[in-house]
Amino acid sequence: MKIAVYGRQFNDPSVFPYIRQVFDSLAQHKVEVCIHPILNDFLKGNVDTSACTLLNCTDPNDVDVFLTLGGDGTLLDMVTVIRDSGVPVIGINFGRLGFLASINKSDIAAAIHAVVNKEFSLDSRELLVIESEQKIFGDNNFALNDVTIHKRDDSAMITTHVSLDGEFLNSYWGDGIIISTPTGSTAYSLSCNGPIIFPQSNSIALTPVAPHNLNVRPVVLPDTSTLTLDIDYRGNNYIVSCDSRTVIVDKPMQFKVYKADFKLNLVRLNNESYLSTLRKKLLWGLDARNY
């Protein structure tokens, strides 16, 4: 089996023992390993990977599984590498919450054993595409979590005029607007009182950020919808984000947002489910009261 490993630079040296455990486990199972150049440069002098059989992989289709080291943001970065290849991805969580990178540091050996022995299922997740005349995101114009329009660094509101499949929906005055996939419904959208959407729901959520009108609420839409966004603002510029990729725009622009024609395959270990992850991360079912 060939596994590609991706990660950012780590400022906390306490994660080094866990990274060593990852590569020791891969070597124990005789896995051929491709290390992303950014991670490889960082590991030199910090973590010994000589026990692994290292390969130089430039095509995502050359590997069987992608493994990310970090939090959800690291896995989101990996989406631009995986693109539409369909190669499964699993994340080991060195961050905080870890909805996407769901493997705890204490479960590294068991998780790698399960992956190598193919004791997992695939959880296909939808993505969004954002289009504009200037192609501000280039070829990386797709998002696993959300597409967001947001005011930048002044107090002026931003107005987003939204049309749904060619018919006017609403004008949103406030700090911005979030269009999220079911995967992203537990991210920024949730912090703005957006709904939690199950991955199989075939829906997307449109969530306003600090709306000026109190009668404005999040809306759940079919994922077959095409949203057209026209931006009106009084400040100098505004922000458009596509997951963790952000562009500052300094003029009015029209954007179209719709479902991508490919999905991302998340590895779901056999002892995991979406519900169990939801309960664990949101502390549902726990009585935290102090008697």
Residues which pass salt bridge (Lys or Arg N to Asp or Glu O under 4.0 Å) with Arg268, listed by chain and number, not counting sequence neighbours = Asp123
ask   = Considering residues at least two apart in sequence or located in another chain, which fulfil the salt bridge (Lys or Arg N to Asp or Glu O under 4.0 Å) criterion with Lys151?
value = Asp175
ask   = Taking only residues two or more places apart in sequence, or in another chain, which ones meet Tyr258 in a side-chain hydrogen bond (donor to acceptor under 3.5 Å, both in side chains)?
value = Glu131
key: Qualifying residues under side-chain contact (heavy atoms from CB on, under 4.5 Å), relative to Thr74, sequence neighbours excluded   = Tyr6, Arg8, Thr68
request  = State which residues pass side-chain contact (heavy atoms from CB on, under 4.5 Å) with Arg217; sequence neighbours excluded, sorted by chain then number.
outcome  = none
task = Given side-chain contact (heavy atoms from CB on, under 4.5 Å), test Val33 with Thr49 step by step and report yes or no.
result = CA-CA 10 Å; Val33 179; Thr49 60; over 6 Å; no
Spacing of [atom1] belonging to [X] relative to [atom2] belonging to [Y], to within rounding of 0.5 Å:
| X | Y | atom1 | atom2 | result |
| --- | --- | --- | --- | --- |
| Lys263 | Leu144 | NZ | CG | 12.0 Å |
| Leu127 | Asp243 | CG | CG | 7.5 Å |
| Phe94 | Ser14 | CZ | OG | 9.5 Å |
| Leu164 | Leu169 | CG | CG | 6.0 Å |
| Asp261 | Phe142 | CG | CZ | 11.0 Å |
| Ile19 | Asp48 | CD1 | CG | 13.0 Å |

request  = Inspect the contact between Lys259 and Asp223 and indicate whether a charged nitrogen and a carboxylate oxygen are less than 4.0 angstrom apart.
outcome  = yes
Same apolar cluster: [X] and [Y], side chain cutoff 4.5 Å:
| X | Y | value |
| --- | --- | --- |
| Leu26 | Val15 | yes |
| Ile90 | Met78 | no |
| Ile3 | Val22 | yes |
| Leu269 | Met1 | yes |
| Leu69 | Phe16 | yes |

request  = Please identify each residue that fulfils ring pair (Phe, Tyr, Trp, His ring centres under 6.0 Å) with Phe137, with sequence neighbours left out.
outcome  = none
message = Listing request: all side chain to side chain donor-acceptor pair (under 3.5 Å) pairs with a residue in residues 19-40, at least two apart in sequence or in separate chains.
response = none
request  = May I have all residue pairs that pass side chain to side chain donor-acceptor pair (under 3.5 Å) and include part of residues 160-171, sequence neighbours excluded?
outcome  = His161-Ser171
Non-hydrogen side-chain atoms of [X] and [Y] separated by less than 4.5 Å:
| X | Y | value |
| --- | --- | --- |
| Leu278 | Phe99 | yes |
| Ile136 | Met253 | yes |
| Leu266 | Thr183 | no |
| Phe198 | Leu275 | yes |
| Leu67 | Ile92 | yes |
| Ile177 | Ile158 | no |
| Lys280 | Asn104 | yes |

Checking [X] side chain against [Y] main chain: does a donor-acceptor pair fall under 3.5 Å?
| X | Y | answer |
| --- | --- | --- |
| Asp64 | Lys2 | yes |
| Asp146 | Thr148 | no |
| Ser185 | Ile197 | yes |
| Ser102 | Gly98 | no |

Ignoring hydrogens, what is the shortest heavy-atom contact between [X] and [Y]? Give both atom names and the distance.
| X | Y | value |
| --- | --- | --- |
| Pro218 | Gly194 | CG-CA, 4.1 Å |
| Ala187 | Asn145 | CB-ND2, 3.7 Å |
| Asp72 | Ala101 | OD1-N, 2.9 Å |
| Tyr238 | His150 | CB-O, 3.5 Å |
| Leu128 | Ser180 | CD1-C, 4.2 Å |
| Cys242 | Ile130 | SG-CG2, 4.0 Å |

Show the atom names and distances, to 0.1 Å, of all donor-acceptor pairs under 3.5 Å that link a side chain in residues 202-216 to residues at least two apart or in another chain.
residue : atom : partner : partner atom : Å
Ser203  : OG   : Ser201  : O            : 3.0
Thr207  : OG1  : Ser189  : OG           : 2.9

Can you give each donor-acceptor pair under 3.5 Å made by side-chain atoms of residues 79-88, sequence neighbours left out, with the distance rounded to 0.1 Å?
residue : atom : partner : partner atom : Å
Thr80   : OG1  : Asp77   : O            : 2.8
Arg83   : NH1  : Asn140  : OD1          : 2.5
Arg83   : NH2  : Asp139  : O            : 2.9
Ser85   : OG   : Ile82   : O            : 2.8
Ser85   : OG   : Val87   : N            : 3.4

Going by atom type alone, with no hydrogens or angles, which donor-acceptor pairs under 3.5 Å involve a side-chain atom of residues 227-234 and a protein atom two or more places apart or on another chain?
residue : atom : partner : partner atom : Å
Thr228  : OG1  : Lys256  : NZ           : 3.2
Asp230  : OD1  : Gln254  : NE2          : 3.0
Asp230  : OD2  : Gln254  : NE2          : 3.4
Tyr233  : OH   : Asp250  : O            : 2.8
Tyr233  : OH   : Lys251  : N            : 3.1

inquiry  = Checking Val162 against Tyr172 for the side-chain contact (heavy atoms from CB on, under 4.5 Å) test, could you report, in this order, the C-alpha distance in whole Å, the side-chain angles of both residues, the deciding distance, and whether it holds?
reply    = CA-CA 8 Å; Val162 181; Tyr172 294 88; 3.7 Å; yes
Residue pair Cys192, Ile178: steps toward the side-chain contact (heavy atoms from CB on, under 4.5 Å) verdict = CA-CA 9 Å; Cys192 295; Ile178 307 164; 3.9 Å; yes
Validation: residues 105-120 side-chain donor-acceptor distances under 3.5 Å, sequence neighbours left out:
residue : atom : partner : partner atom : Å
His113  : ND1  : Asn117  : ND2          : 3.3
Asn117  : ND2  : His113  : O            : 2.7

query = Going through the distances and angles, do Leu100 and Leu76 end up as a side-chain contact (heavy atoms from CB on, under 4.5 Å)?
reply = CA-CA 9 Å; Leu100 298 175; Leu76 290 174; 3.9 Å; yes
task = State whether the number of non-hydrogen atoms from other residues, nucleotides or ligands found under 6.0 Å of Tyr18 atom OH is greater than 12.
result = no
message = Which label fits Phe42 and Phe10: parallel for a plane angle under 30°, tilted from 30 to 60°, or perpendicular past 60°?
response = tilted
